[in-house]
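Okay, so here's the structure we're looking at.
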Amino acid sequence: FQLQFVSGSVSQTNLAVPGRSTKTFMSEGRWEQALSENPDFILIQFGHNDSHAPDKPEATDAKADYRQYLRRYIREARAIDATPILITPMVRRAFDATNRIVESMSPRGRPLETYARAMKDVAGQENVSVIDLYASSRALAEKIGAQASADLASTAGDITHFNEDGARSMVKLVIAELFDAEPRLAQFLVQL
């Protein structure tokens, strides 16, 4: 369904793979494959798997290697004349008794919000556009509430992954911000 949000002669390649972090996407050669596509723009979103417990192979530290990997993605994208656009991780949909999102993490993991903040910091330092999906997905989840958010889950009780309706909701949030984040893409985006 990715093409329904663009118009005109646009070619898209989705090389995302579940369970990857800034570190493992690179170490498995997937980033090299992405660069070999010679894209004009590269949307880069990581954070959920980076925030796993430190003993996990995909884990990174938001204050250290996560930032270093993001800088490398930016540098290497620019080296092939592609425009990198960072997208913060979307919020995990864990609610408190007042129907507000609470920071949630995997066992011994680290707060996801620190990865969203780190990505925004790097974007500012590197002069790269960033879409704050963490903030917009939090606003959406709190607006629709815990039950409607649960209805967007890929499986019952999953506060991270989405079914098709949930994925569409996240794409709409990204598209809405992409108009401002990268005006050169506006002519190819479907106004939602």
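On a predicted model such as this, the values are computed, not experimentally measured, just so you know. Positions are given from 1, in the same order as the sequence printed here.
The two residues A59 and P54 come nearest to each other via the heavy atoms CB-CA, 4.0 Å. Residues P89 and A116 share a closest heavy-atom pair of CD-CA, 4.1 Å. Smallest separation of non-hydrogen atoms from I42 and A77: CD1-CB, 3.9 Å. The nearest pair of heavy atoms linking I101 to A141 is CD1-CB, 3.9 Å. A34 approaches L15 most closely through the heavy-atom pair CA-CD1, 3.3 Å. Taking all atoms of both residues into account, the shortest heavy-atom contact from A62 to A118 is O-CB, 3.5 Å.
To the nearest 0.5 Å, the span separating CG on D81 from CG on D40 amounts to 9.5 Å. Distance CD1/I74 to CD/E126: 5.0 Å, rounded to 0.5 Å. To the nearest 0.5 Å, atom CD of residue E58 and atom CZ of residue R20 are 9.5 Å apart. Distance check, rounded to the nearest 0.5 Å: CD1 of I85 to OG of S129 gives 6.0 Å. Taking OG from S137 and CG from L152, the interatomic distance works out to 11.0 Å, rounded to the nearest 0.5 Å. Between D61 atom CG and K23 atom NZ the span is 10.5 Å, to the nearest 0.5 Å.
Ring-centre distance between F46 and Y69: not below the 6.0 Å cut-off.
Formation of a donor-acceptor pair under 3.5 Å by the D65 side chain with backbone atoms of Q68 is not found in this model. A donor-acceptor distance shorter than 3.5 angstrom exists from the side chain of N163 to the backbone of D151, with no hydrogens or angles considered. Using a distance-only test at 3.5 Å, with no hydrogens or angles considered, no donor-acceptor pair links the side chain of T22 to the main chain of L70. Between the side chain of S149 and the backbone N or O of A146 there is no donor-acceptor pair closer than 3.5 Å. With hydrogens and angles ignored, the 3.5 Å screen pairs no side-chain donor or acceptor of H48 with any backbone N or O of L112. A donor-acceptor pair is defined here as one N or O able to donate and one able to accept, closer than 3.5 Å; no such pair exists between the side chain of T83 and the backbone of F41. The backbone N or O of N99 sits less than 3.5 Å from a side-chain atom of D96, completing a donor-acceptor pair.
With a 4.5 Å cut-off on side-chain heavy atoms, R92 and S51 count as touching. In this structure the side chain of V91 never reaches within 4.5 angstrom of the side chain of L140, judged on heavy atoms.
Screening M119, E177, Q45, K120 against I131 for a side chain to side chain contact (heavy atoms under 4.5 Å, CB included) leaves a single residue, E177. D50 pairs with exactly one of T114, T60, T24 by the side-chain hydrogen bond (donor to acceptor under 3.5 Å, both in side chains) rule, that one being T60.
Between the side chains of S21 and N49, not a single donor N or O lies within less than 3.5 Å of an accepting N or O. With no hydrogens or angles considered, a side-chain donor-acceptor pair links R110 and Y115 at under 3.5 Å.
Figure legend: cation-pi geometry between R93 and F162, with NZ or CZ positioned under 6.0 Å from the six-membered ring centre and within 45° of its axis.
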For the pair V122 and V128, evaluate side chain to side chain contact (heavy atoms under 4.5 Å, CB included) and give the outcome as yes or no after the intermediate values.
CA-CA 8 Å; V122 169; V128 172; over 6 Å; no

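The aromatic rings of Y73 and W31 sit perpendicular to each other, their planes meeting at more than 60°, with 30° as the lower class boundary.
Within 6.0 Å of atom CZ in R100, 12 or fewer heavy atoms from other residues, nucleotides or ligands are found, so the atom counts as exposed in its surroundings.
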